[in-house]
Amino acid sequence: MLFRGLLLLPLALISGAGASCSSVTTSYEDEIGDIYRRYRRGELQEAARLIQEGYRSHWKVQFNAEAGTMKFADDAVIWNLERGKILLDAGRYENAYEALQDAETVINQGFGERATISARATAGEAKALATNQKALPYEGYVHDRVLLNCYKAIAALMERDLDRALMEARRVEEAQDSAIRRFSSDAEATDRAGSKKGVQPDYGVFVSDSRVREDLPWLQGADAYPESYQGFVNPYALLVKAVLRRVKDDPNESAVVDLRNLASMVPDNRYVVEELERAQAAAEPAGWVYVLFENGMAPVVESVEVHVPYGYIRAVLGRGTNEASDLLDHAFFALPVLRGARGPAAALVVRDDAGGEFRSQRVSEMEMVMRYEFERRYPGVLTRELLRLVVQETATNQVEKIAKNQDDLLGLVAKLGGLLYKSAMNRADDRSWRTLAADFQFLVLPMPEDGLLHLSLSDGGAQPITVDLAGKDVAVIYARSVGRGHLSVHQAGFDYGSGGIQP
């Protein structure tokens, strides 16, 4: 059984311990399943239509300018992240920008600017302890916040609005810093809540247990990750900022620092190294094509549930009572796990009519980004789940005790009802941005004389796509492959006029 090593930990806590159901008992994978399956098959237009038209209540944010308030569902952030990415990949750039803007507004104003102690926050925490962590509003991971602004920048870029795109790129670092501060604050609050209840699991013992490491091999210690992924860094964010700064070619906004940092993270990526050399030499971007390629499907979070028959364990250990009904005592425990990414099908191959051929090279791997953050969050996740277990066990035992004082049969009914309730609520928070790529790649090539480029996957699984950049001085191509046999391509070309760069 998964988490065999955890069985005695809930037992020890129980021994010393004195929403709408649909929203917390349904997995996020089931909720978004119809859309996600279409997206994974490369049916981007259908996925975009479905999420726009069929799930409005999930992502709609209603603003009341006069009152200065807004109304949104608890999952509005994650649904707008998904909506923004799907719309972007479907080529609906302005709609994508608006969706991502809604997600950012809810994070910054709906959550970020609220009072430290608010009715909404307090009610959400209480509900989560009574049910499960999915009852809390989704506020996003750190990597969500970073990529949110990256994709807003790409959406604006594909609309050929370089000023707005660069503005979003500048916000990436600010968003990351803000998300890290919130992460640290939440971790401290969880530690305080655990201390008040006497719940202080030894995380070092937890991760070092051989049985836990067998079930959760990705828990390897945050310091064990490559340096380029530590500190909540996503190299792709550096790439997006660097490309925008190069294309914009603003003398007050150099890409050298971003490219230098990126080159230190991916020294084997020749495209990054060569672009750094051009930036250091103050060479104009005119005559070059920059290609951002996203490949495969990122890991997703899933819930693994465990039930602990502590009544039976106590009986075996000789610590139980003489009442047979106590053998029914179970605690229910659930933790989130990462399900592996669907790996990239291939590299992107770009050919020109003069015989030139270029292959994309990796810049960032989403599984590394997610695992680092997931591991940093796991002590808090474990503490909150144990707090939930203590609260639920205390509450159901008290109900059973009151019922039993009236009648033994009522006591048995209360016990069975408590078991059913705890079983139904036993779910970890499995919400994660599912439409992200597994792999982020990059290449730079000279602008062909005729402006024609032919893009395909290196495994030959998708039909080649030709783009025409004739008459453009510099261009950015954004390509997406969700898996073998699928490739979508978007482009934005620019000219250099007397007033600077022009769409």
Original post:
Tell me the salt bridge (Lys or Arg N to Asp or Glu O under 4.0 Å) pairs involving residues 184-193, sequence neighbours left out?
Top reply: none
Original post:
What residue pairs, at least two apart or across chains, pass salt bridge (Lys or Arg N to Asp or Glu O under 4.0 Å) with a residue in residues 226-241?
Top reply: E173-K241, K241-D258
**OP:** Look at the aromatic rings of Y225 and Y372 and report parallel, tilted or perpendicular, splitting at 30° and 60°.
**Re:** perpendicular
Any salt bridge linking [X] with [Y]? Criterion: basic side-chain nitrogen under 4.0 Å from a carboxylate oxygen.
{"X": "D429", "Y": "R431", "result": "yes"}
{"X": "R246", "Y": "E284", "result": "no"}
{"X": "E373", "Y": "R377", "result": "yes"}

Among residues at least two apart in sequence or on other chains, which ones pass side-chain hydrogen bond (donor to acceptor under 3.5 Å, both in side chains) with [X]?
{"X": "N80", "value": "R83"}
{"X": "R37", "value": "D34"}
{"X": "Q101", "value": "T105, K152"}
{"X": "D430", "value": "none"}

Subject >> More than 12 heavy atoms of other groups within 6.0 Å of E253 CD >> reply: yes
Listed partners of [X] passing salt bridge (Lys or Arg N to Asp or Glu O under 4.0 Å), at least two apart:
{"X": "E43", "result": "R41"}
{"X": "D89", "result": "K85, R480"}
{"X": "E159", "result": "none"}
{"X": "E53", "result": "R49"}

Original post:
Which residues satisfy the side-chain contact (heavy atoms from CB on, under 4.5 Å) test with K71, sequence neighbours excluded?
Top reply: Q62
Original post:
Are the side chains of F358 and Y271 in touch, meaning some heavy atoms are under 4.5 Å apart?
Top reply: yes
Subject >> Beyond-backbone contact of V301 with Y141, side-chain heavy atoms, under 4.5 angstrom >> reply: yes
**OP:** Measure from the side-chain N and O atoms of S458 to the backbone N and O of A347, and report whether any donor-acceptor pair falls under 3.5 Å.
**Re:** yes
Original post:
Which pairs, with at least one residue in residues 154-189 and sequence neighbours excluded, count as a ring-ring contact (aromatic ring centres under 6.0 Å, His included)?
Top reply: F183-F232
